[in-house]
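Let me begin by presenting the structure, written as structure tokens, before commenting on it.
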Amino acid sequence: MTVASIMAARPVSVSMDASLAQVRTLFDTHPFYHLPVLDGAGCVVGLMSRTDYLANLSPFLNTPAERSLDRDIMLRPVHQFMSRQVPLLRPEQPLLEAAQVILAHHFSCLPVVDSEQRLLGVLSWKDLLRFGLNRPRAPAKAEAG
């Protein structure tokens, strides 16, 4: 089996210049934890995780102690906060190899790209787990008594 057989196709993504406020809207309205970040040509240049997003929010945002500095961070572009050194998967990669890349690099989701690094989909650890749980099992051998 290959990455293409179980990846999530047509993932939501953001441009490098999208604001943190735009990322907030996407994370608030969708159940995913990562957003591939694309350059002007549609090529993957990074990954914005929910963790990256939350780590950069001010704890004073939307509280009586909020300052203009706290609000201004929401206008800053994604490329200032995203993970840049993101391994990219290919659709023809075997699932075992993709799982090894995900584990080795400590990402829970990776972009799947074509030969020009244009986004085709994403593969997450949940996709891999779901696949493993849904695979037909060989019948258990009876033990000799």
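Quick note: residue numbers are just sequence positions, from 1.
Under the 4.5 Å side-chain heavy-atom criterion for ILVMFWY residues, a single connected hydrophobic cluster contains both L54 and L26. Using a 4.5 Å cut-off between side-chain heavy atoms of Ile, Leu, Val, Met, Phe, Trp and Tyr, with links allowed through other members, V23 and V37 fall into the same hydrophobic cluster. Linking Ile, Leu, Val, Met, Phe, Trp and Tyr whenever their side-chain heavy atoms come within less than 4.5 Å puts W125 and L133 in one cluster. Hydrophobic clustering (side-chain heavy atoms under 4.5 Å, transitive across Ile, Leu, Val, Met, Phe, Trp, Tyr) groups L128 together with M1.
Atom NE2 of H30 is separated from atom OG1 of T25 by 10.5 Å, given to the nearest 0.5 angstrom. Note that the CG atom of N56 and the OG1 atom of T51 stand 11.0 Å from one another [nearest 0.5 Å].
In Y33, the OH atom is not crowded: 12 or fewer heavy atoms of neighbouring residues, nucleotides or ligands sit closer than 6.0 Å.
Nearest approach of A41 to D39, heavy atoms of both residues: N-OD1, 2.9 Å. Across V14 and A18, no two heavy atoms sit closer than the pair CB-CB, 3.9 Å. Here the closest heavy-atom approach between residue F27 and residue F32 is recorded as CD2-O, 3.7 Å. Residues L47 and P111 come closest through the heavy atom pair CD1-CG, 4.2 Å. Heavy atoms only, all atoms of each residue included: S124 and I102 are closest at C-CD1, 4.5 Å. The two residues S19 and V78 have their closest heavy-atom pair at O-CG2, 4.1 Å.
Not a single donor-acceptor pair under 3.5 Å links the side chain of R84 to the backbone N or O of V45.
The side chain to side chain donor-acceptor pair (under 3.5 Å) pairs that include a residue from residues 4-18 number zero, where partners must be two or more places apart or lie in different chains.
For D127, the salt bridge (charged side-chain N to carboxylate O under 4.0 Å, His left out) partners two or more places apart in sequence, or in a different chain, are R130. For R90, the salt bridge (charged side-chain N to carboxylate O under 4.0 Å, His left out) criterion is met by E92, not counting sequence neighbours. Scored by the salt bridge (charged side-chain N to carboxylate O under 4.0 Å, His left out) test, D114 finds R118 as partners (sequence neighbours excluded).
Taking 4.5 Å as the limit, some side-chain heavy atom of I73 sits within range of a side-chain heavy atom of F81. Side-chain atoms of M48 and L20, non-hydrogen and from C-beta on, do get closer than 4.5 Å to each other.
V113 belongs to a hydrophobic cluster whose other members, connected by ILVMFWY side-chain contacts under 4.5 Å either directly or through intermediates, are L38, V44, L88, L119.
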Expected list for residues 103-110: side-chain donor-acceptor pairs under 3.5 angstrom, two or more places apart:
{"from": "S108", "atom 1": "OG", "to": "H34", "atom 2": "NE2", "distance (Å)": "3.4"}

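Screening L95, L89, V112 against M7 for a side-chain contact (heavy atoms from CB on, under 4.5 Å) leaves a single residue, V112.
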Please walk me through it: do D52 and S49 pass side chain to side chain donor-acceptor pair (under 3.5 Å)? CA-CA 5 Å; D52 295 331; S49 71; 3.2 Å; yes
